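If you're wondering where the values come from, they're calculated on a predicted model, not measured in any experiment. Heavy-atom basis, side chains included; hydrogens, waters and symmetry copies ignored. In this chain, numbering begins with 1 at the start of the sequence shown.
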Amino acid sequence: MDFALSDEQLMIQESAAGFLAAASDSAAVRAAMASPQGFDAQLWRQIAEELCWPGLMIPEQYGGVGLGFVEQAILLEQMGQHLLCSPFFASACLATPALLLGDNEALRQHWLPELAAGSLTATLAWRESRDGWHAAEQPLATRQGDGWRLDGIYEAVLDGASADLLIVATRDDAGALRLFAVPAEQAGIQRQALPTLDQTRRRARIELDAVAVAPEQCLHGDSCGEALLDKILQVAAIGLACEQTGAAQRTLDLTLAYIGERKQFGRTIASFQAIKHRCADLMLAIECARSASYYAACVAREALVEDGDATLAGQLAEACAIAQSQASETFMHCAAESIQLHGGVGFTWEYDPHLYFKRARASEQLLGTPSWHRERLATLILESRP
C-alpha cells in the first residue's frame with residue numbers, strides 16, 4: 001500500500017485548500033451559522049456544479065466522478081480545517097455509502113445521479129443508545145398490504161430538516177432491521193430543527209407517522225439490514241475521523257499563530273519551553289490521527305467497491321475503531337488546548353477556537369464515543385484470537 005498522495009490527489013488537496021480558504025473563512029462560517037438553512041445555498045451550488053465534490057466517489061455510470069474514498073477523505077480533511085457549513089457530510093458520507101453498499105440497483109440509478117449533481121441532498125436517520133445503535137430501539141416497520149408502514153421518532157438527525165431524501169433505519173415485526181429510502185416531503189413525515197451546541201452542523205427531530213413505503217424502497221434483501229447499517233456507519237465514522245483530523249490541525253495552526261504574536265515578560269510566549277512541549281504533543285497526536293484516518297480511508301475504499309481487496313476490506317471494523325477513537329480524542333484535546341493557550345480571549349465569541357471546541361464536542365458524540373470504539377476494538381481483537 002502506497003501511503004504517499006499521488007499527483008492527482010495532491011492537486012485535489014491543493015485546490016480544495018485554496019477554494020475553502022476563500023469561501024469558508026471565519027466570516028463565511030459565522031454567516032452560514034446564523035442563516036435559517038445552516039449553509040450557504042449559493043456556495044453549495046458552486047461546490048456541486050463547478051467542483052463536483054458531491055459526486056467524487058460516485059461511479060461514472062451514475063453520473064459521478066468515479067474516484068474513491070481516499071480522495072473524499074482528502075476533501076473531508078480540508079472541510080474540517082475550514083469548518084465548512086454544508087450538507088456534504090450527510091449526503092456523501094451517510095446517504096451515498098448507504099445506496100452504494102445496498103443491493104437495490106433501481107434505487108442507485110434513481111437517486112445517485114441527483115446526489116452526484118448536488119441537486120438533491122440526503123441523510124441517514126437511525127437511533128443510538130449509550131451502547132451503540134445495536135442496542136437502540138429503532139422505529140417500527142409494520143406490514144401493510146404489499147408494502148410497509150413506518151412509525152417512530154429519530155431524535156437528532158444530521159441535516160434532517162434540510163435533506164431532500166431520508167434513508168431511515170427501522171425494525172420490522174420480526175426484529176429484523178430494514179433501511180428504506182423515503183423522500184423527505186412524503187406524507188406522514190414531520191421535521192423539527194433543533195438548537196445544538198455546534199451551530200456549524202444542524203440536526204433535526206424527525207417523526208414518522210403512518211408513512212407508507214413500497215418494497216422497492218428498501219435498500220437490501222430480507223436478511224442483511226444489520227450488516228448494511230453497521231458498514232455504512234463504519235464508513236461514515238472514518239470520514240468523520242478525516243474531518244476531525246483536519247479540524248485538529250487547524251486549531252494547532254491558530255494556536256501557533258497566536259502564541260507567535262502574544263508577548264509576556266518581553267518575549268513571545270511561543271519561546272517558552274513549556275509551551276513548545278505542549279504544541280509538540282499536539283503535533284504528534286495529529287500525525288497519529290492522520291495516519292490512522294488515511295489507512296482507514298484506504299480500507300473503506302476497498303469496502304465500497306465490488307472488486308475491492310477482500311482482505312483489506314475485512315479490516316473495516318478495526319480500522320474504523322482505531323481511526324475514530326484516535327481522531328476524536330485528538331481533536332477534543334487540540335481544541336481544549338487551543339482555548340487554554342489563547343489565554344483570556346480563547347473562549348470569547350470574536351476568536352475562532354470556541355467554534356472548533358463546539359465542533360469537537362459534538363463530533364465526539366456523533367458516531368460513537370472514543371471509549372465505545374475502544375471497547376468495540378477490544379471485542380474484535382479478543383474474538384479473533386484462537
Side-chain angles (χ1 to χ4, degrees), residues 1 3 57 68-70 72-74 76-77 80 89-90 92-94 97-98 100-101 124 126-136 158 169 177 224-249 284-305 308-335 359-386:
M1 183 182 293
F3 288 97
M57 73 170 192
F69 195 83
V70 174
Q72 183 153 299
I74 293 169
L76 287 164
E77 185 177 3
F89 187 86
C93 294
L94 288 168
L100 290 174
L101 293 168
L124 174 70
W126 79 101
R127 296 191 66 173
E128 286 273 5
S129 74
R130 182 172 295 180
D131 298 320
W133 72 265
H134 299 84
L158 193 63
L177 191 125
C224 60
E226 297 266 355
L228 176 58
L229 181 58
D230 209 30
K231 205 169 183 179
I232 295 165
L233 295 179
Q234 287 167 15
V235 170
I238 292 169
L240 182 62
C242 296
E243 184 189 87
Q244 289 170 313
T245 300
Q249 180 66 62
L284 179 60
I286 291 168
E287 287 304 315
C288 291
R290 182 173 287 117
S291 297
S293 299
Y294 272 100
Y295 179 79
C298 292
V299 174
R301 176 186 60 192
E302 302 304 318
L304 282 165
V305 295
D309 186 317
T311 302
L312 196 59
Q315 300 176 22
L316 183 66
E318 293 91 336
C320 165
I322 294 169
Q324 182 48 226
S325 58
Q326 179 68 39
S328 191
E329 286 194 340
T330 295
F331 185 20
M332 191 67 246
H333 179 49
C334 288
R359 171 66 72 90
R361 180 60 76 191
S363 297
E364 193 178 44
Q365 310 295 322
L366 180 58
L367 289 163
T369 63
S371 59
W372 184 85
H373 282 286
R374 282 206 176 88
E375 183 176 347
R376 186 171 190 185
L377 179 62
T379 301
L380 291 168
I381 292 172
L382 292 172
E383 287 178 350
S384 68
R385 294 180 64 182

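- I322 contributes atom CD1, which lies 8.5 Å from atom OH of Y295 (distance to the nearest 0.5 angstrom).
- Nearest approach of A303 to L101, heavy atoms of both residues: O-CD2, 3.6 Å.
- For R301 and Q72, the side-chain atoms include no donor-acceptor pair closer than 3.5 Å.
- Once rounded to the nearest 0.5 Å, the distance linking CD of E243 with CG of L366 reads 8.5 Å.
- Between the SG atom of C298 and the CG atom of L312 there is a distance of 7.5 Å, given to the nearest 0.5 Å.
- In E375, the CD atom is not crowded: 12 or fewer heavy atoms of neighbouring residues, nucleotides or ligands sit closer than 6.0 Å.
- With a 4.5 Å cut-off on side-chain heavy atoms, L124 and L233 count as touching.
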Worked check of side chain to side chain contact (heavy atoms under 4.5 Å, CB included) between R374 and E329
CA-CA 11 Å; R374 282 206 176 88; E329 286 194 340; 2.9 Å; yes
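- Closest non-hydrogen pair, Q324 versus A241, comes out as NE2-N, 3.6 Å.
- In this structure, a donor-acceptor pair under 3.5 Å is absent between the side chains of E383 and T379.
- When all heavy atoms are compared, the tightest approach of A296 to A319 is CB-O, 3.7 Å.
- Here the shortest heavy-atom pairing between G368 and H373 reads O-CD2, 3.4 Å.
- Atom OG of S328 and atom CD of Q365 lie 8.0 Å apart (nearest 0.5 Å).
- Distance alone, capped at 3.5 Å, places no donor-acceptor pair between the E77 side chain and the C242 backbone.
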Test side chain to side chain contact (heavy atoms under 4.5 Å, CB included) on W126 and E128 and set out the steps.
CA-CA 7 Å; W126 79 101; E128 286 273 5; 2.9 Å; yes
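- Listed here is the closest heavy atom pair of T245 and S293: OG1-OG, 3.3 Å.
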As a quick check of understanding, evaluate side chain to side chain contact (heavy atoms under 4.5 Å, CB included) for I74 and Y294, giving each step before the final call.
CA-CA 9 Å; I74 293 169; Y294 272 100; 3.7 Å; yes
Set out, in order, the CA-CA distance, both residues' side-chain angles and the distance that settles side chain to side chain contact (heavy atoms under 4.5 Å, CB included) for L377 and E318, then state yes or no.
CA-CA 6 Å; L377 179 62; E318 293 91 336; 4.2 Å; yes
Walk me through it: do E364 and R359 pass the test salt bridge (Lys or Arg N to Asp or Glu O under 4.0 Å)?
CA-CA 8 Å; E364 193 178 44; R359 171 66 72 90; over 6 Å; no
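- Separation of atoms CH2 (W133) and CG (L229) is listed at 4.5 Å; rounding is to 0.5 Å.
- A distance of 13.5 Å separates OG1 in T369 from CE in M332, rounded to the nearest 0.5 Å.
- For the side chain to side chain contact (heavy atoms under 4.5 Å, CB included) test with C320, the passing option among L380, I238, L240 is I238; the others fail.
- Closest non-hydrogen pair, A285 versus T330, comes out as O-OG1, 3.5 Å.
- Here the side chains of I286 and R290 are in contact, with some heavy-atom distance below 4.5 Å.
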